[in-house]
Structures are given as C-alpha cells and as structure tokens.
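As structure tokens, the structure follows; a few thoughts come after it.
Lettering follows sequence order; numbering is per chain, from 1.
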Protein chains: 2
Amino acid sequence: MNVAETTTAARWTAGPAAAGGVGSRAVAMAPGTAVAPAAAPARSPLSKSQQAYESIKDKILSGEYSPGYRLVLAKLADELGVSAVPVREAIRRLEAESFLTFERNVGASVAGIDPTEYLYTMQTLSIVEGAATGLSAPFLTAADIGRARDINAAMRGCLEHFDPVRFTTLNLEFHSVLFEKCPNPHILDLVHRGWNRLRSLRSSTFNYVPGRARESVEEHERLLQLLEGGATADDVERAARGHRTATLDAYLAHSRNEAPDSVPWLP
Amino acid sequence: MNVAETTTAARWTAGPAAAGGVGSRAVAMAPGTAVAPAAAPARSPLSKSQQAYESIKDKILSGEYSPGYRLVLAKLADELGVSAVPVREAIRRLEAESFLTFERNVGASVAGIDPTEYLYTMQTLSIVEGAATGLSAPFLTAADIGRARDINAAMRGCLEHFDPVRFTTLNLEFHSVLFEKCPNPHILDLVHRGWNRLRSLRSSTFNYVPGRARESVEEHERLLQLLEGGATADDVERAARGHRTATLDAYLAHSRNEAPDSVPWLP
DNA sequence: GAGTATGAAATCGTATACGATCCATTGTTA
DNA sequence: TAACAATGGATCGTATACGATTTCATACTC
C-alpha cells in the first residue's frame, strides 16, 4: 500500500503535514465560498479554471443566470476565451457546492429554487446561523453592536422609502456583523453557503412577505438588546434561530394561507 | 443578458425547471456524499470522472491515503487507467468537499487533521447532528428505537472484548438510525459530511479517550429513553448535541489535561 | 561554511481533437 | 392517426500534446 509515497521521493515532506496550529483558521474553508469574496490577493493571473469558477458563480448570484438556466460548456468557454477543460473543472466545483446541477452527458443548469428547496435552505440556515451567532456573541464589542444598530436603522429607512432590494442587502450586512466573529470556520462557511443560496432567489417570489420586514426590524432590535445584556450564548442562539424561523413561518403562512404549524417538522 | 438562453433553442425546456415537488428530497444532495454510499444503480459504466472520484474518496476514507499524503495527478490517472482530465475533475470535487487541499501549480494532498480541525469538525457536527436528530425524532418508530438499542447492546459488547474499531463503526450506525429520518436533506447532507470527515481520522490519535466509550453507551441509552418518552424535538436536539459535546470535552480534557472550559467558545 | 544563482526534472494547466451519447425531429408502419 | 424506429445535430467525455510553473539538487560566490 501507499505505493505513491515511495516514488519520486525527495520533494514534499511526506507524511502528515500538520500545517498550521490553532491560528490557521482559513485552512479548511473551501475557497471562494464567502458571501463577499474577501479581497483577493490577485498575485498571478488567476488560473483560468479559477476565473471560470468565479465568473460563473458571480453570474449565478447576480441573477444573470437564473435558476433552471442551461449552461453549455462550449458556450461558457467561448465567452471566457478559454477552452472547455477549465470550465468543466469550475462546473464540478460549483456542482459540489450545489450552485448548479449536472447530469451525465446532458449538462449543467443553475440549481433550482422550488419552494421545497427554499424551505430546506431556510431551515438549515436557521440552525447554522443561529449557532454561529451564538458562538459569535462573546466576541462582539460595543462597536459591533453599534454598527449593527446603524444598519438596522437604515433598514427602517428602507421601509419608509419602500426599497426592498436595499433592505435585503442590509439584512445580510446586519446579520453578518453578528455572526462573522464565530470562531469556528466550518460553521461560518455553512452560514455563507446558506446565504449564497438565498441570494440567488432575489427577484424571485420568495423574498417579500408583507409586514414581515417591519417585524423583522423589531426583532433585530430585540436581538441587539439581548446581546447588550450579556445573554448566554444559548439564549442568543435560540433568539437568532427563532428570528429566521419566524421569517420562514411568515413565508409559509403567506404562501399557503394556512397556519405554519401545518409543517410538523419545523422546530 | 441571458444570451445563451436564446440560442440552439429547441432542446431543454428553458426557464426554471421546477423539477420535483416535496418528494424529491435527493435533488440537492451532492452526489456520493453519503456515509454509506447508497446502493448505486450502476446502469451505464460510470463516467471515468465519477470512478476517479469514488476511488480516490474511498482510499482517503479507508486510510490508504493518509492525511498529508501527496496526490499526483498523473500517477492517479495511471492507476485508474484513465487520462488526467477526469482525475482533475474528481480532485476538484473532492477539494470542494474538503477531502483534500489543492494548491495551484503544486498539487493536491489529503486534507489535514490537526487537532484544531478536529475541534471544528466535532463542534459543527454537534450542531447539525443535534438538529438532525431532533428533526428526525417525530418520525422514529418503535422498531427504529429497538434497532438502535440492539446496536447499543453490541457496542456494550465491544467494551468487554475491547474492539474499538467495531465500536466506532457501530457508533455511527447507532446515530444513523436516529438522525437518518430527518426530513431536511440539506441538514442530513451536512451530517454525512461531518461523519465522513471524522472517518478519515480513524487510526489516528483522536478516537479513543479512556472511559468515554462506556459513558457514551450510557448516554445512548438515556437518549433512547428520551425518545421513547416522546420528548419534544427541542429536548432531543439538546440531548444529542450534548452527547457529542461531551465527547469533545472528554477529548479536550484528556489531551490537554486541563478543564474543558478552557475553551471558552464551546457551548 | 553559509548563502545564493543556475539548470534539469517533475508536475501542473490548458488547448485541441475526436469518439460517445443524448435529444428532437422526421419518416415509417399498423 | 398513434406508436415506433431511424436520422442528424448538438453536446458531452476523454485522450493526447505541449507550454508554464514549481521544486530540488548542484555549483558557485562571498
């Protein structure tokens, strides 16, 4: 066994490369999964595979490629001025992150967003974001809380001027402030993925539930007060999860016109 | 915008392909991420890309490629009797699922498992597995509970005969019974990924904490009683999460010989 | 002797080429 | 006319080829 290890020996120190101690938090984050792509070093001209990955992902998130949209390899390759091979690799990565679905000998299309998917994503996000916010709480400074409160004020402003797009953007910003200090990068990554998933639903029917926005702003304020009061991580987690679950319930009540508890598996 | 959509028109019903209703739970699961690869249809000879993916993943999980192991594209391609291209795609998928790390112009190596990683993974698993178990609880039948109890009995047997490998396997089986009925495939997928991550730590130093195994079996029994008593999903979630957190604490206490609460961010 | 240039080998990255597969359409038959 | 089989074009899957980059080992300078 371990045939390869004994060949072409000298390069690479074989054996477990215990790279990085406690500080190396970024090591396990899948690259490029952050909601806001963290300022890229941009040293060498990025590999074409990487370019393709980012380009396609951006277009999905921006809505240029809407759900169900057919992605043809050759066409993408042409648009990017590269050959098909790097595009295939990009597609594979995007598939693994469920930005799109891929079928053998058929091709790729942008991941669907049927209502069921929305439910699943929101529920998952309620759990991981709740946990992330709870874990993040002890690290939040007064300045953080202040910043969050400012954002929430701006959201209140959006209500007056009826600017749902900006409202949604600010909403992500608000929550980012609260969960971004979560010290566990895995959990943080899951939260980012969840939000990314939801981002591609913008301009879809899911986003706006009448009245929910106003309620949401108030819940934000309550959450901030909880944090200021030095609540336990557990309480914060529960509140954050509840906030998201409430949005989901509002969506369900609105779309089905029936009580949310008709979905028995929601906590 | 949406240039591609208007070309080569006829094929594919363009527009959102709302594929599948509530029943189509598998649609969003990244293929092949299950802990136990669900019986493959094996219709056409799997694409070489897929073969490569599974082969490499298996070898990582089985420990044949241990952490830090260098994966050379050409070598893998040779071993599988394919060219480099499909192997690259497999690598990309595995990278996105963080089975391995990949560096531009350098290559891939099996993902590391430094203690910090272990902590992060366990903590994440405590959260998502706890949630999955809680959501799964209402769907568990008496037969399921019985099966779990049988498995737990077998685990108790392993304690007598000192069979830690089998113990670990059974441990996964036990918990699988309890979380596998979680109706949210996203969450379930996260749980599978977490367990997969841990699987590659077998034969590593992390697995065995003296005394913890016996305690674990008892906690299992308590969890089963909770389920039989018709506890709320919330209680079950809390118990399941606590069970895993306790394992993590035991590891921390054992490895550092200091109190677990020296890690302030654990719930 | 320590540190730095240089060259060769290994390996990765991408383009191109071509066979394999699928889908939609057309043509055929009961 | 409805069901079915043949056909053709579009697209995917993979092999091969070759340039680009990194890494290691040696030779050289201070």
Rounding to an integer number of Å, can you tell me how far [X] [atom1] sits from [N] [atom2]?
| X | N | atom1 | atom2 | result |
| --- | --- | --- | --- | --- |
| Glu103(A) | dC12(D) | CD | P | 12 Å |
| Phe102(A) | dT11(D) | CZ | C1' | 10 Å |
| Leu46(A) | dA20(D) | CG | P | 18 Å |
| Lys48(B) | dT16(D) | NZ | P | 10 Å |
| Gln50(B) | dC12(D) | CD | P | 17 Å |
| Glu89(B) | dG13(D) | CD | P | 7 Å |
| Asp78(B) | dT11(C) | CG | P | 11 Å |
| Glu95(A) | dG13(D) | CD | P | 10 Å |

Residue Arg104(B), side-chain heavy atoms: nucleotide from dT23(D), dC12(D), dG13(C) that is nearest: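 Comparing dT23(D), dC12(D), dG13(C) against the side chain of Arg104(B), the answer is dG13(C).
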
Considering only side-chain heavy atoms of Asn105(B), which listed nucleotide, dG13(C), dG13(D), dT14(D), is closest?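 Between dG13(C), dG13(D), dT14(D), the one nearest the side chain of Asn105(B) would be dG13(C).
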
Donor-acceptor contact below 3.5 Å, side chain [X] vs main chain [Y]:
| X | Y | result |
| --- | --- | --- |
| Ser109(A) | Arg70(A) | no |
| Ser55(B) | Ala52(B) | no |
| Ser98(B) | Leu94(B) | no |

Between Tyr120(A) and Leu125(A), does the side-chain contact (heavy atoms from CB on, under 4.5 Å) criterion hold? Intermediate values first, please. CA-CA 8 Å; Tyr120(A) 291 152; Leu125(A) 190 57; over 6 Å; no

Would you tell me if any nitrogen or oxygen in the side chain of [X] comes within less than 4.0 Å of OP1 or OP2 on [N]?
| X | N | result |
| --- | --- | --- |
| Arg88(B) | dG13(C) | yes |
| Arg70(B) | dC12(C) | yes |
| Ser83(B) | dA15(D) | yes |

Could you walk me through whether Trp195(A) and His175(A) pass side-chain contact (heavy atoms from CB on, under 4.5 Å), step by step? CA-CA 10 Å; Trp195(A) 275 98; His175(A) 286 287; 4.1 Å; yes

Are Glu89(A) and Arg92(A) ion-paired here, with the side-chain N under 4.0 Å from a carboxylate O? no

Applying the Watson-Crick and G-U criteria (both distances under 3.5 angstrom) with [ ] for crossing and | for other-strand pairs, one obtains for DNA chain D ||||||||||||||||||||||||||||||

What's Ile91(A) touching, base or sugar-phosphate or nothing? Going by heavy atoms closer than 4.0 Å. nothing

Taking the nucleotide of DNA chain C with the nearest heavy atom to each, does Pro86(A) or Ala74(B) sit closer to the 5' end?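 Its nearest nucleotide lies further toward 5', so the answer is Ala74(B).
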
side-chain contact (heavy atoms from CB on, under 4.5 Å) between Arg104(A) and Gln50(B): does it pass, once the steps are laid out? CA-CA 10 Å; Arg104(A) 168 115 192 259; Gln50(B) 186 80 355; over 6 Å; no

